[in-house]
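Values below: all heavy atoms of this structure, side chains included; hydrogens, waters and symmetry mates excluded. First the proteins, then the strands, lettered A, B, ... as listed; each starts at 1.
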Amino acid sequence: MAMNSQGRPSQPGAAEVASLATISGDRGLDHEEKLIFELGRSGQCGVDLEEVTVSDDRLGGLRRKGAIGLPGLSEPEVVRHYVRLSQQNYSIDAGLYPLGSCTMKHNPRLNEKMARLPGFGDLHPLAPASASQGALELISELAKWLTTLTGMPAVAMSPKAGAHGELCGLLAIRAAVEARGEKRLRVLVPESAHGTNPATAAFAGFTVEEVKATPEGRVDLDDLRIKLGPDVAAFMLTNPNTCGLFERDIITIAEMVHDAGGYFYCDGANYNAIAGRVRPGDLGVDAMHINLHKTFSTPHGGGGPGAGPVVLSERLAAFAPLPLLVADKDGLRLIETREGLPGGAKPFGRMSAFHGQMGMFVRALSYMLSHGRDGIRQASEDAVLSANYVLASLKDVMSAPFEGPCMHEALFDDTWLKDTGVTTLDFAKAMIDEGYHPMTMYFPLVVHGAMLIEPTESESKESVDSFIHVLKTMALEAKAGQTERFDGAPRLAPRRRLDETAASRKPVLKWKEG
Amino acid sequence: MRYLPLTKADRAAMLETIGVVSVDALFKDVPKAAEVPVSAFDLPDHQGELAVERKLAAMAAKSTASGAVPSFLGAGAYKHHVPAAVDHLIQRSEFLTSYTPYQPEISQGTLQVLFEFQTQVAMLTGMDVANASLYDGSTGTAEAVLMAQRVTKRGKAILSGGLHPQYAETVETVANLHGSVLRAPAIPGAEEDLASLVDDQTACVVVQTPDVFGLLRGLKNIAEAVHSKGALLIVVVTEVVSLGLLESPGAQGADIVVCEGQSLGNGLNFGGPYVGLFATREKYVRQMPGRLCGQTVDAEGRRGFVLTLSTREQHIRRDKATSNICTNSGLCALAFTIHLSLLGEGGFTRLAAINHQRATTLVDKLLTVPGVSLVTSTFFNEFTLRLPKPAAEVVEALAAKGILAGVPASRLAPADRDQRDLLIVAATETNTDEDIDAFVTALKEVL
């Protein structure tokens, strides 16, 4: 325990922390913030609006009868409420956020500023094309970056998140299969895949079958060969895969899938490991979504929004969904319906109203222009370098399930925690007390007690070194039987461990008075 | 490369620790044939902040922002005033740059916001429970139809002709894979007979109110008809401000309510990101798509919040999940909830009244223009006019005069010849008397 100059403990022990009951419930700057419904009172309002009475309403007798129940607060009360709540969140701006496969990298504020330019942020989606040229030009330029970087000829911009992009890709495949007059209703997915892959395939009306992984954490080619057949529409693969490894047989895999008459879908969630170095088009990929927040740094805002443009091969390009962006003598315009389609276009439908996540497009392009092609390549290399540095620095104290270099994320299992009484969960929660957001836990599912660490290219060597030092020290303590810090961690967060079982057994999903 | 902190010396030291001579060795699993030099990409190299800012500002200047001219565009996206505090608060690092709250002990800020958001949405819609938001109103509508297909184990979805055509197309894209979608013909300004279409195979009826033309739809009769056949009523609201003045869909018998929440706290953004609100009855909660936040206690008995009921979700249920969605519109939901908290009950209902009042003023003045008639006898802040000329031409002529007059119905349904002369016009609190007068004057000139 740390001591101060008088020889007294400078940090309280666990028991002391637990017993530090306060009158307010606050702990220093850690505020016990009430719900907004408990703060507000009727008659208060934080916005000055003119008085209005509509003498002759045109509501056809449908006027609301009862009250809504919304709280009323002044502007300072609202500001304080949300500022205090924000202080109970960890964020990438506050520290390293090593969530593997989620990719928490620096979110440049220039991108926020650009997204708020009125010509982008204050533009109506149904404004006439003549009034929307700047926005259309931005979409066109972003599309060019995406197709050039991936080596794919076409891109569908409208999917609103990665999983929405998966759906878009599979629907394009479905349309292509139907256009060939074939019936292929199976989709193959490796057992290590993100849960969204099988869910998306089912959502798109396919039946899903798993393909085994090898002991090396890669696709089992023999199993794939057995399962491929004339009823397989697509094989969905994440590359680099969820074990943080590059599928070294990927070109062979693509050939196998194509030879069987299927399409090769690539989950592009981990594209940030290879952007600027490898073109998925060269690997035989037919469709791949790109999570703009992962590779191109759009902020994730506590869980969204995302954006998931899908690049498409020559074989799928014609089936891209509406709207389509075209250039003619009057400039750029969107084709939003099946009337007036350009020759050859056979859109499978529409992913959403309007054209996609424009706000995210601006941020992504701002990031791309700032990085340039050289910076995007360097970012991928630095991300891979940092992950391998973490792997090399920790593999003696923690156990890595797979040999060889990793890509942008380092995977450990819980073999090294055997007989310590400490679980992956305990270890992760104890990281919180050290001021770190935990790594991704228990994923991928093919590894027992998995810990997936992704430092990204945004971290300095000093930052990664400190992180490694903390993890190493914690690991050594765990192995030495000094497990106090892990029991019931975290202790120093705004909340101790939360009862998730109780939450799901009797769900309380909204505030109720009293 | 200002976003990359590693120096050359750092990289060399890290490579040494790893035990390889160059970073290329770390890419050894990548087939050599697939590696390309940076020169293979026909794209520019990195640029400074000033250069990027100039380029994007020049691009943005080629569009006409809604705030720069009198604008009356609606049809699913609305220009409202967003209090300055909203944008300031959502740009706080701890909200903006955090991820999905997988570690609830250090994500209480996001989680409490989502809990408050869910409560507000349930209140507004008059429903029991709401989720933590979906991508937007249109994808939310598609999810609602799929949910109804699961709940009723029936395939047929009936869509009102008053449903926004782009919403209908979004629904058709996915719901046809699991059943069939029947779109009733649009009758601008009138309610079609949906009840007669409902049968024992019907999973749901989808009704939008105010509908795409602005007409307000009473829901009680259709709710009875739908329920008598064991189907669900899905109600879509694209202008959430209308709920300040209108009876909630829940009070009129809706089983699922989907709203586009863009109007509160969120900019127009040329179509996205927006925020889909999704609410339903308690008994259907485990069939609901999307993320849910629930209340619980921590090890010290203190109230706290977690993501919950994830057994419905794809990371556990894989291909049996209720949906493939694994995100929400977190930041947009935050903007929504802050704006609504600032308004409170009094402000929200007053905002709705102002919107309605602006629309009544606008409609009365526009009807003084010779040849113009009103198609929608009832409306909230949006209505449809019949013009003596094709509306698309009128809109272009008015745009040339610096007025964004509205959305031609033909833009959404180009095949429907009957809609060629229809113009969908919206007014909000942002439209001044001067805007309205300028519109009326300009319309007289072009007709």
Side-chain angles (χ1 to χ4, degrees), chain A residues 45-46 60 70 72 82 85-86 88-93 114 117-119 121-126 131 133-134 160 163 195 198-200 202-203 205 208 246 248 301-305 339 349-350 353-355 357-359 369 372-375 389 392 405 460-461 493 495-496 503 508 510-511, chain B residues 1 5 10 14 18 26 29 41 43 45-46 52 56 59-60 62-65 73 89 92-94 97-98 100 105-106 108-110 119 135 138 166 169 173 177 267 269-273 294-296 298-299 304 308 314-315 318-319 321 324 327 329-331 342 344-347 378 407 414:
Chain A
C45 178
L70 297 169
Y82 290 100
L85 287 182
S86 76
Q88 297 179 18
N89 266 5
Y90 196 90
S91 68
I92 186 66
D93 279 4
M114 295 302 95
L117 288 167
D122 188 29
L123 186 62
H124 193 283
L126 297 171
Q133 287 299 303
K160 292 183 165 278
T200 299
F203 203 91
V208 184
F246 196 90
R248 63 171 85 95
E339 283 79 28
R350 172 180 280 279
F354 313 131
H355 340 302
Q357 306 286 66
M358 181 67 186
L369 291 168
R373 58 179 180 178
D374 53 333
Y389 183 60
S460 67
K461 180 166 178 293
R495 283 290 177 277
R496 299 291 301 277
V508 178
K510 66 174 182 184
W511 172 82
Chain B
M1 294 182 197
D10 290 335
M14 291 162 83
I18 297 165
L26 301 175
D29 289 334
F41 301 102
L43 297 165
D45 281 338
H46 70 281
V52 174
L56 288 179
M59 218 184 259
K62 294 179 194 169
S63 296
T64 308
L73 299 165
L89 289 167
R92 282 189 63 91
S93 288
E94 306 91 326
T97 77
S98 58
T100 304
E105 297 86 358
I106 46 172
Q108 286 299 300
T110 290
T119 308
Y135 307 138
S138 64
Q166 295 185 344
E169 289 161 26
T173 297
L177 302 170
N269 289 320
F270 202 46
Q295 182 179 311
T296 187
D298 77 352
T308 193
Q314 64 306 124
H315 64 278
R318 316 275 296 176
D319 56 322
N324 73 329
T327 187
S329 286
L331 200 68
L342 278 164
E345 178 106 16
T378 61
V407 178

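A donor-acceptor pair under 3.5 Å is formed between the side chain of Asp374(A) and the backbone N or O of His46(B). Checking side-chain atoms of Ser329(B) against main-chain N and O of Gly304(A) turns up no donor-acceptor pair under 3.5 Å. With Asn89(A) contributing its side chain and Thr110(B) its backbone, the two residues share a donor-acceptor pair below 3.5 Å. With hydrogens and angles disregarded, a donor-acceptor distance shorter than 3.5 Å links the side chain of Thr119(B) to the backbone of Trp511(A).
Here the straight-line distance linking atom CG of Leu89(B) with atom OH of Tyr82(A) works out to 8.5 Å at 0.5 Å rounding. Expressed to the nearest 0.5 Å, how far CD1 of Ile92(A) lies from CD of Glu94(B) amounts to 13.0 Å. Atom OG1 of residue Thr64(B) and atom CD of residue Gln133(A) lie 10.0 Å apart, to the nearest 0.5 angstrom. The distance from atom CG of Asp45(B) to atom CG of Leu369(A), rounded to the nearest 0.5 Å, is 12.0 Å.
Considering only heavy-atom pairs separated by less than 4.5 Å from chain A, the leading option among Lys62(B), His315(B), Glu105(B) is Glu105(B). Heavy-atom pairs under 4.5 Å with chain A peak, among Gly294(B), Gly347(B), Gly109(B), at Gly109(B). Residue with the most contacts toward chain B among Arg350(A), Glu339(A), Gln88(A), Lys510(A): Arg350(A) (heavy-atom pairs, distance under 4.5 Å). The choice from Val52(B), Leu342(B), Leu177(B), Thr308(B) that makes the most heavy-atom pairs within less than 4.5 Å of chain A is Leu342(B). No other option in Met59(B), Arg92(B), Glu345(B) has as many heavy-atom pairs under 4.5 Å with chain A as Glu345(B). Heavy-atom pairs under 4.5 Å with chain B peak, among Ala163(A), Gly72(A), Gly205(A), at Ala163(A). Your options are Ala392(A), Pro305(A), Gly302(A), Ala493(A), and the one with the most heavy-atom pairs under 4.5 Å with chain B is Gly302(A). Ranked by non-hydrogen atom pairs under 4.5 Å with chain A, the options Thr378(B), Ile18(B), Asp298(B), Leu331(B) are led by Asp298(B). Contact count versus chain B (heavy atoms, under 4.5 Å) is highest, among Gly60(A), Ala131(A), Pro118(A), for Ala131(A). Interface remark: of the candidates Ser98(B), Gly271(B), Gly346(B), Ser98(B) forms the most heavy-atom pairs closer than 4.5 Å to chain A.
Of all heavy-atom pairs spanning Thr296(B) and Ala503(A), the tightest one is CB-CB, 3.8 Å. Counting all heavy atoms, side chain and backbone alike, Arg495(A) lies closest to Gly304(B) at NE-CA, 4.0 Å. Between Leu73(B) and Leu126(A), the shortest heavy-atom contact is CD2-O, 4.1 Å. Nearest approach of Ser93(B) to Asp93(A), heavy atoms of both residues: OG-OD2, 2.6 Å. Nearest approach of Arg373(A) to Phe41(B), heavy atoms of both residues: NH1-O, 2.6 Å. Between Ala321(B) and Ala199(A) the shortest heavy-atom distance is CB-CB, 4.3 Å.
For chain B, the nearby parts of Ala202(A) are the backbone and the side chain; heavy atoms of each come within less than 4.5 Å. Only the side chain of Met1(B) comes within less than 4.5 Å of a heavy atom of chain A; its backbone N, CA, C and O stay farther away. Of the atoms belonging to Thr100(B), heavy atoms from both backbone and side chain fall under 4.5 Å from chain A.
Salt-bridge formation is detected for the pair Arg248(A)/Asp29(B): a Lys NZ or Arg NE/NH1/NH2 atom is positioned less than 4.0 Å from an Asp or Glu carboxylate oxygen.
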